[in-house]
Amino acid sequence: MSSNPFYKKHYTTVDNLTRANVMYLMQRADFMLDVISNKSEHIPLKNKHAAILFYQPSTRTYTSFHAAACRLGMTVTGIQGMSAYSSAVKGETLADTIKTVYQTTGADVIVLRHPDDDSSKTAAKNSYVPVINAGSGKREHPTQALLDLHTIYKNVGRIDNLNIVMVGDHLFGRTTKSLAKLLGLVGENVKVTFVAPKELQVVEEFIGELAQMGLAVELAYDLGTVLDCADVVYMTRVQKEWFEDAGRLEDYKRLKDSFILTPMLAEEMKPESIIMHPLPRTDELPPEVDTNPRARYFKQMRSGLALRMALLESILLAEVV
Ligand code: ASP
């Protein structure tokens with residue numbers, strides 16, 4: 001295996017990734033999948049500690065980071081209610097909290113989820129140890145992008161020559177932004193079709209950024225017309241919390257069911273194509289689709305555990321053993 005490009009580095013964005021770096025992680029994630037399914041012992045991070053600080057709700061990302069750290073032999077300080085139960089309530093800055101948690105826990109790595117777009121960059125600037133972005137505001141979810149790519153690579157069999165349809169909320173949602181960027185950075189001949197109500201569509205500036213990376217980008221407003229040539233349909237929910245914050249709940253109600261992948265629509269997809277979703281879902285992906293052989297959104301989460309194990313190991317260990 002080639003040398004480890006992640007050692008002692010922050011992982012706050014997909015922006016600096018290269019194809020070689022990503023393939024290195026994909027292979028380590030494959031190894032971790034075997035470790036998980038064979039229940040074999042792989043505890044190279046035995047004397048290390050992870051601080052996992054979540055200022056926003058989470059099920060998948062939190063539990064998988066927590067389990068990933070434990071499975072590699074680490075001890076963990078994990079707090080899911082940082083926004084309500086930490087000194088943030090008393091007005092402490094994120095910079096001070098990051099410095100504090102390093103001192104109080106002796107953490108070797110800090111995993112952060114936070115509602116501010118720039119939070120992980122602020123944290124990295126103020127941290128003595130590597131910071132991993134577990135979701136920052138409306139902008140980035142770089143570990144989700146990696147696990148999504150791993151799911152595509154395992155289930156479609158390639159990361160090139162792909163036609164991906166991303167559906168839902170591209171204004172507030174961070175997963176489609178990070179995945180599209182990652183595909184632009186490391187994939188060859190990839191086309192992304194963004195489907196969303198006009199108000200939640202990708203913004204011009206971002207389309208320009210993606211085009212510069214060589215990604216072919218299309219916008220669409222009718223799900224039925226774009227499904228038959230998709231290799232991947234990536235569904236997302238309309239992000240209620242951001243509408244709530246802006247006092248726009250009526251708009252949320254009007255927009256939330258704009259695009260629903262019904263069992264009938266799913267049948268219009270190619271037999272070998274796959275359906276993904278970062279979850280949680282609301283009505284855009286009915287449970288009746290779960291038995292469709294194209295559905296991969298539950299399996300996708302196992303890639304999350306494996307990938308986060310691979311990332312923690314790569315950041316904390318110079319050479320894999
Ligand atoms: N779990 C993903 C995120 O944290 C997707 C979502 O919440 O809709 O961004």
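Both counts, for ligands and for their atoms, begin at 1 and track the order of listing.
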CD/Glu188: more than 12 non-hydrogen atoms of other groups inside 6.0 Å: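 Not more than 12 within 6.0 Å, no.
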
For Tyr153, I'd like to know if atom OH has over 12 heavy atoms of other residues, nucleotides or ligands within 6.0 Å. yes

Check the side chains of His141 and Arg113 for a donor-acceptor pair under 3.5 angstrom, ignoring hydrogens and angles. yes

Contact with ligand 1 for Pro280, non-hydrogen, under 4.0 angstrom: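 Contact present.
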
Should the pair Phe194 and His170 be assigned to parallel (<30°), tilted (30 to 60°) or perpendicular (>60°) ring geometry? perpendicular

Indicate the ring-plane relationship of Tyr252 and Phe243, choosing parallel, tilted or perpendicular according to the 30° and 60° boundaries. tilted

Nearest non-hydrogen contact to atom 9 (O) of ligand 1 from the set Arg237, Arg174, Gln239 belongs to Arg174

So if I count the atoms of ligand 1 from 1 in the order they appear, which ones are less than 4.0 Å from some heavy atom of Thr175?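 In order of number, 2 (C), 5 (C), 9 (O).
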
Should Arg113 be counted as touching ligand 1, given the test is an N or O pair under 3.5 Å?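 Yes, Arg113 has an N/O under 3.5 Å of an N/O on ligand 1.
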
Proximity to ligand 1 by part of Arg60, non-hydrogen separation under 4.0 Å: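 The answer is neither; Arg60 stays 4.0 Å or more away.
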
heavy-atom search around atom 5 (C) of ligand 1 in the protein gives Leu279 O, 3.6 Å

